[in-house]
There are 2 protein chains.
Amino acid sequence: METLDEIDKTILRMLQHDAKVTTKEIANHLGLTISPVYERIRRLESVGFIKQYVAVLDKSLIDKPITTFCQVSMRYHNEAFIEKFEQEVQELEEVQECYHMGGQVDFLLKINIRSLDEYHDFVKYKLSKIDNIGVLNSTFVLKEIKHTIAYHF
Amino acid sequence: METLDEIDKTILRMLQHDAKVTTKEIANHLGLTISPVYERIRRLESVGFIKQYVAVLDKSLIDKPITTFCQVSMRYHNEAFIEKFEQEVQELEEVQECYHMGGQVDFLLKINIRSLDEYHDFVKYKLSKIDNIGVLNSTFVLKEIKHTIAYHF
DNA sequence: ACTGAAATTGTGCGAAC
DNA sequence: GTTCGCACAATTTCAGT
């Protein structure tokens with residue numbers, strides 16, 4: 001019920017590379033008819049293997065060319081402060097990703113913005129306003145070498 | 001020709017949250033008919049605003065529960081070595097993302113794998129085999145706080 | 001679980017304003 | 001740049017095996 005056979009895996013592999021492949025194309029590729037493939041896709045969606053279908057946009061064209069990684073360490077490490085930080089980060093539109101990390105750094109944030117000016121404002125007026133932040137260290141992406149949403153499995 | 005009006009932006013915002021919204025739904029939301037919306041989507045695809053449509057999978061369910069960030073610094077910084085590294089990273093299936101960074105660290109890699117054992121093997125047999133790597137520093141994701149593919153614009 | 005087919009809905013495109 | 005309408009294709013459902 002929660003395991004995948006090779007047919008399921010093929011379906012998932014195809015969909016994560018191109019969500020627009022038709023059920024028919026997948027079925028042909030598998031040597032099946034449409035119906036079983038259709039029902040498997042429905043199942044993979046409802047069980048949660050497929051979380052969502054999205055269009056991936058070009059971030060430079062929509063005017064968010066700059067990516068930075070921001071390492072944040074808290075001053076005090078109690079539950080209340082950490083939870084507060086996690087909540088506030090959700091609201092920050094510039095934050096594309098946020099991870100609670102092991103090691104010296106508590107959180108790693110991936111930020112996308114229009115300009116360095118905007119990043120300055122983001123740090124000054126938004127990020128640093130959050131309580132209990134100790135160290136804050138930003139590094140800038142010079143070039144994106146690889147970025148894939150599809151997993152290899 | 002390469003600028004976006006508010007209609008285009010609305011279309012892109014809807015598609016990056018749900019690639020399965022129909023042209024009709026977008027048209028209704030905008031108070032337009034299907035055709036103009038259809039043609040705008042085609043244009044946004046061909047001009048490159050929309051790079052691809054993908055299904056987003058649950059990484060734990062497909063057995064890649066562990067995410068690590070790996071900071072890599074090169075020993076010597078000449079063009080040939082850097083290009084070699086960038087090429088080899090493309091081939092590594094475990095590497096989800098790779099960025100050339102400003103600052104002390106040259107590259108930041110985001111890795112997804114099944115187990116710590118597998119990470120050990122990855123570093124030992126794949127990553128460290130690449131020539132000219134100096135420092136290599138791994139940090140583990142304890143919890144994913146936020147992760148969105150959609151940009152706020 | 002898979003087949004085949006029917007009903008429904010969406011896509012893709014031409015003509016016209 | 002938008003509307004309308006039509007032919008085609010894809011989705012969704014269902015009886016049958």
Side-chain angles (χ1 to χ4, degrees), chain A residues 1-64 148-153, chain B residues 1-64 148-153:
Chain A
M1 191 208 113
E2 284 174 5
T3 50
L4 300 171
D5 61 15
E6 279 306 314
I7 295 174
D8 290 322
K9 287 181 184 174
T10 302
I11 293 171
L12 289 175
R13 286 190 196 105
M14 290 181 79
L15 285 174
Q16 72 174 344
H17 284 104
D18 179 11
K20 293 288 189 192
V21 285
T22 61
T23 311
K24 191 180 182 179
E25 288 174 305
I26 300 173
N28 287 343
H29 186 262
L30 285 164
L32 290 171
T33 52
I34 294 173
S35 302
V37 175
Y38 173 76
E39 281 172 21
R40 278 167 182 269
I41 293 173
R42 281 289 95 82
R43 173 182 161 269
L44 292 167
E45 288 168 2
S46 65
V47 180
F49 283 92
I50 298 169
K51 294 201 292 183
Q52 52 174 351
Y53 297 95
V54 303
V56 181
L57 306 188
D58 185 304
K59 64 175 189 290
S60 293
L61 290 180
I62 59 167
D63 210 18
K64 304 281 180 187
T148 172
I149 290 162
Y151 298 102
H152 193 285
F153 66 99
Chain B
M1 192 210 113
E2 285 174 5
T3 50
L4 299 171
D5 60 16
E6 278 307 314
I7 294 174
D8 290 322
K9 287 181 184 175
T10 302
I11 292 171
L12 289 176
R13 286 189 196 106
M14 291 181 78
L15 285 174
Q16 71 175 346
H17 284 104
D18 180 11
K20 292 288 188 192
V21 284
T22 62
T23 311
K24 190 180 182 179
E25 288 174 305
I26 300 174
N28 287 342
H29 186 260
L30 285 164
L32 291 172
T33 52
I34 294 174
S35 300
V37 176
Y38 172 75
E39 281 172 22
R40 278 166 183 269
I41 294 173
R42 281 288 95 82
R43 173 182 161 270
L44 292 168
E45 288 169 1
S46 65
V47 180
F49 284 93
I50 298 170
K51 293 201 291 184
Q52 52 174 351
Y53 298 94
V54 303
V56 181
L57 306 189
D58 184 305
K59 64 175 188 292
S60 293
L61 289 180
I62 58 166
D63 210 17
K64 303 281 179 187
T148 172
I149 291 163
Y151 298 102
H152 193 284
F153 66 99

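Proteins get letters first, then strands, A, B, ... in listed order; numbering begins at 1 in each. Side chains are part of it too, since the values below use all heavy atoms of this structure and drop only hydrogens, waters and symmetry mates.
What separates OH of A:Tyr53 from P of D:dA10 is a distance of 16 Å, to the nearest Å. Between B:Glu25 atom CD and C:dT9 atom C1' the separation is 11 Å, expressed in whole Å. Atom-to-atom, CD1 of A:Ile26 to C1' of D:dT12 comes out at 15 Å; the value is rounded to the nearest Å. Rounded to whole Å, atom P of D:dT11 lies 11 Å from atom CD of A:Glu45. A straight line from CD1 of B:Ile34 to P of D:dG5 spans 12 Å, rounded to a whole angstrom. Taking atom CG of B:Asn28 as the reference point, atom P of D:dT3 lies 12 Å away to the nearest angstrom. Remark: P of C:dA1 and CD1 of A:Ile11 are 12 Å apart, rounded to the nearest angstrom. If you take CG of A:Leu15 and P of D:dA10, they are 15 Å apart, rounded to a whole angstrom.
A donor-acceptor pair under 3.5 Å is formed between the side chain of B:Lys64 and the backbone N or O of A:His152.
Mapping A:Leu32 and A:Lys20 onto DNA chain C via the closest heavy atom, the residue that lands nearer the 5' end is A:Leu32. If you find the closest nucleotide of DNA chain D to A:Val21 and to A:Glu39, the one lying nearer the 5' end belongs to A:Val21.
Checking the phosphate oxygens (OP1, OP2) of C:dT11, no side-chain nitrogen or oxygen of B:Arg42 falls inside 4.0 Å. Between B:Tyr38 and the phosphate of C:dG12, there is a side-chain N or O to OP1/OP2 separation shorter than 4.0 Å. A sub-4.0 Å separation between OP1 or OP2 of C:dA1 and a side-chain N or O of A:Arg40 is absent. A sub-4.0 Å separation between OP1 or OP2 of D:dT11 and a side-chain N or O of A:Thr23 is present.
You'll find a donor-acceptor pair under 3.5 Å spanning the side chain of A:Ser35 and the base of C:dG4, going by distance alone.
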Problem set entry | Criterion side-chain contact (heavy atoms from CB on, under 4.5 Å) on A:Arg40 and A:Thr10, from CA distance to verdict | CA-CA 11 Å; A:Arg40 278 167 182 269; A:Thr10 302; over 6 Å; no

For this session: Kindly determine whether B:Ile11 and B:Leu15 satisfy side-chain contact (heavy atoms from CB on, under 4.5 Å), including the steps that lead there.
Result: CA-CA 6 Å; B:Ile11 292 171; B:Leu15 285 174; 3.8 Å; yes

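For the pair B:Arg42 and B:Glu45, the salt-bridge criterion is met [side-chain N within less than 4.0 Å of a carboxylate O].
For A:Leu57 against B:Tyr151, the heavy-atom pair with the smallest separation is O-CE1, 3.9 Å.
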